[in-house]
Protein chains: 4
Amino acid sequence: MSAKVVDKQERRDQILGAAIRVFARKGFSRTTISDIAAAAEMGKGTIYEYFGTKEEIIHHSFEFFMRHLEMDFEAVLISKMPAVSKLRTIFDGFAGFIDSHTRQMMELMFDFWSEAIKNKDTKGAIYTEMKKFYKAYREIFADIIIEGMGEGAIRKDINPRSAAAAIVGALDGIMVQWVLDQDEFDFKDVTRTIGISFLEGLLSERT
Amino acid sequence: MSAKVVDKQERRDQILGAAIRVFARKGFSRTTISDIAAAAEMGKGTIYEYFGTKEEIIHHSFEFFMRHLEMDFEAVLISKMPAVSKLRTIFDGFAGFIDSHTRQMMELMFDFWSEAIKNKDTKGAIYTEMKKFYKAYREIFADIIIEGMGEGAIRKDINPRSAAAAIVGALDGIMVQWVLDQDEFDFKDVTRTIGISFLEGLLSERT
Amino acid sequence: MSAKVVDKQERRDQILGAAIRVFARKGFSRTTISDIAAAAEMGKGTIYEYFGTKEEIIHHSFEFFMRHLEMDFEAVLISKMPAVSKLRTIFDGFAGFIDSHTRQMMELMFDFWSEAIKNKDTKGAIYTEMKKFYKAYREIFADIIIEGMGEGAIRKDINPRSAAAAIVGALDGIMVQWVLDQDEFDFKDVTRTIGISFLEGLLSERT
Amino acid sequence: MSAKVVDKQERRDQILGAAIRVFARKGFSRTTISDIAAAAEMGKGTIYEYFGTKEEIIHHSFEFFMRHLEMDFEAVLISKMPAVSKLRTIFDGFAGFIDSHTRQMMELMFDFWSEAIKNKDTKGAIYTEMKKFYKAYREIFADIIIEGMGEGAIRKDINPRSAAAAIVGALDGIMVQWVLDQDEFDFKDVTRTIGISFLEGLLSERT
DNA sequence: CATGAATGAGAGTTCATTCAT
DNA sequence: GATGAATGAACTCTCATTCAT
């Protein structure tokens, strides 16, 4: 009666997974639909049963990417530990977050950044999502910092949102360097240093 | 003859300048040779008198990009001021470095990052240059930090190279955020906060 | 078994009816099998249970089309009225033949004409059928004219087959104009005028 | 200094001429850009230097078609001869108008008719042009008929516009039959018969 | 030297057709 | 028998590159 039954959502994810793998290796523009079809082990036409255009695949792969990138801070955030411990825990945990999967994701991130900024003024679903993403991360850190200020552990003469931006930037920034030159990096030591720098400062003595 | 050579170089730069402007707006792949020719106000064929392929233009535009991006730390570095002052001067000056020209450059940076990483294993002139670029910047900061350690102003229990990576990352990272969402940023305050955070730490008291 | 056969034929007609509706709206080439399946309210695969190819559907839809287009002159033809009355009756009745259904059919006719002529030299089932169709119509009119000549009512210095061709052409031709520009037409008056023109002539007096 | 110089308009016409030849043989939908390029003896890409889309080629080929189809009645129309002579001249001349070139044009006409009607409700440049074309032709004949009425040569109890529609339709209609079945036709005799029928009527005697 | 008309390889996309369910 | 997911041939269109002028 009915034809072959497939889980449409699963199939879409299968395609997006394949797409992301190829995108990470070749970039959006050099990736062809044929490439994606080959990676997903299906015919070129099948791709179009699930996505209308290549553009659409790129957009949805960003969602997919985000779904799988999300660092899980949840446990840390809802814990009862003091704010400063939360920060230390996150800094220390960050190194563990880094692996080959993340690496692939970061390589793709460059393309998403580019894509986002290039379509900023038009439709820009990626752009919008990305802004939300960064905003959310800054807010996580800003909240912890404000919490720490309330606890008296963190100095009150700085803007929590600026500090949050600095922290997010630092984590982001070292990932960029790491992706570009893995060999130069003792990731663990760099994150440890970030923890020390941000919290205690680099100076020998407070001035 | 010498005049000819200068002329030739000038023409190349004219093309590269035009290319960079278009690249920043549309990205590498969406930019056509026609676009570049139009922006450079010359014929499509003329481009090929100076560059063999589009690829070559992209590669050389990275050099050109770097030549014009270079933050001038020279004055600070050769000055006699103590290391910590050098760092403060750089952090404070960083906000001034940011302008619409830089913004355009950063939008292009995403493409170069992507391009670099995608050709990492093949030819990768951009990749190599980029690694050198980051290494150089890290070394500048590492040198200052080591200098500061020698002066006794900077704590000796951290790895200067890791700290340098952290600083470069932080500066890079906030630029990414700024480019993606200019409105959310008080750039001056964020760089000020980076200075405070890194040097004095966020804690109320040293533990 | 007989029931099955009837059922099968019914299903084929269901498909052809749907096909014709879509063909009339979008033309052969822009109509997809999916369109037809949707219009026939069945699955795409089911279509192929009844027809081997899209081509075959087009061919059979011409038969179907002809079966439903057929103007019923039968009653007029077998009646005992004089030839000239037969012609007048047909001319007068022609306006009544025109309705929205006919309109749709005529829109399709353009496609069949095109299809016929394009396959003239190859297989050309439609071409053959169409030639037969026109020939038959011309013969109907030629027979009436010959009959009228026999009755002495119609002049004998013309070729009945040429006159028949002219009549069929005129009826065909005004349908084309009507389909292309319904608003410009008082169909009833035009057919009345055709009757007058052809029979009595446009001249005030015979020369 | 400047590159190859070509007459752009000439090149466009070269393409349109080739397009029409292929269209007439294969129909719009079965004609590929490659076909047209081959017929025009140029590369596929060259076509796109002159026309943006296949659609555009179809539209412009209609203009081109019309430009080359136009029957030249001018001489007849401006002549001093009486209206009835004008009609006779046109009817007699019509057979001469028919040749292999016209045949090819008529084969294409089916496609234009179909195309026009299918895009009636959307953009429909062809549709609009075609309506104008028929309207113009009807007006030519209506004017002659009115002139003839003024001269007292043509009866006044018919609507000139309806008669004009009938004449245009008859000419159109016999062309359709001729294109579909050349062998059945003594074109000269049919046009002669049309002249006789329309002017003097088929009846032996006026009733 | 400068140019832009010409080109075809190659990309995205459509859709008739097949076939496992 | 009925279905629609899967497929790839074939089509439209783009654009880096060439080369006659």
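When reading the values below, keep in mind they use all heavy atoms of this one structure, side chains included, and skip hydrogens, waters and symmetry mates. We name chains A, B, ... by the order of the sequence lines, and we start the count at 1 in each one.
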Runs of at least three consecutive Watson-Crick or G-U pairs, both distances under 3.5 Å, are what I'm after; which ones involve DNA chain F? E:2-21 with F:2-21
On DNA chain E, does the nearest nucleotide to D:R11 precede the nearest nucleotide to C:T53 from the 5' side, or the other way round? Give the residue. D:R11
Would you classify A:Y50 as touching base, sugar-phosphate or nothing, given that sugar-phosphate means primed atoms plus P, OP1 and OP2, and contacts are heavy atoms under 4.0 Å? sugar-phosphate
Looking at A:Y48, does any N or O in its side chain come under 4.0 Å of the phosphate oxygens OP1/OP2 on E:dT14? no
Measure CD1/B:I47 against P/F:dA16 and give the value in whole Å, please. 11 Å
Heavy atoms under 4.0 Å, any strand shown: does B:G45 hit a base, just sugar-phosphate, or nothing? base
Tell me whether the side-chain N/O atoms of D:T46 come closer than 4.0 Å to OP1 or OP2 in E:dA5. no
Side chain of C:E49: nearest nucleotide among E:dT17, F:dC13, F:dA2? F:dA2
Atom CD1 of A:I15 to atom C1' of F:dA6: distance rounded to whole Å? 11 Å
Near-strand residues of residues 19-42 of chain C, defined as heavy-atom separation under 4.0 angstrom from DNA chain E: C:T31, C:T32, C:I33
In whole angstroms, how far is the C1' atom of F:dT18 from the NZ atom of B:K54? 17 Å
Who passes ring-ring contact (aromatic ring centres under 6.0 Å, His included) against B:Y50, sequence neighbours left out? none
Out of curiosity, C:I57 CD1 to C:I47 CD1, how far, rounded to the nearest 0.5 Å? 5.5 Å
Is the number of heavy atoms from other residues, nucleotides or ligands under 6.0 Å of A:Q9 CD greater than 12? yes
Carboxylate-amine/guanidinium contact D:D35 D:R30, below 4.0 Å: no
Does A:R12 pair with A:D7 as a salt bridge, N-O distance under 4.0 Å? no
Would you classify C:K44 as touching base, sugar-phosphate or nothing, given that sugar-phosphate means primed atoms plus P, OP1 and OP2, and contacts are heavy atoms under 4.0 Å? base
Test salt bridge (charged side-chain N to carboxylate O under 4.0 Å, His left out) on D:D13 and D:R67; report intermediate values, then the result. CA-CA 11 Å; D:D13 281 358; D:R67 229 166 43 216; 3.2 Å; yes
Flag, side chain of A:K54 to backbone of A:T31, donor-acceptor distance under 3.5 Å: yes
Atom CG of C:L16 and atom NE2 of C:H59: how far apart are they, to the nearest 0.5 Å? 13.0 Å
For atom CD of D:Q9 and atom P of E:dA5, their distance in whole Å: 14 Å
Between A:D111 and A:K118, is there a side-chain N and carboxylate O pair less than 4.0 Å apart? no
Return the value, rounded to whole Å, for the distance between atom CD of C:E55 and atom P of E:dA16. 12 Å
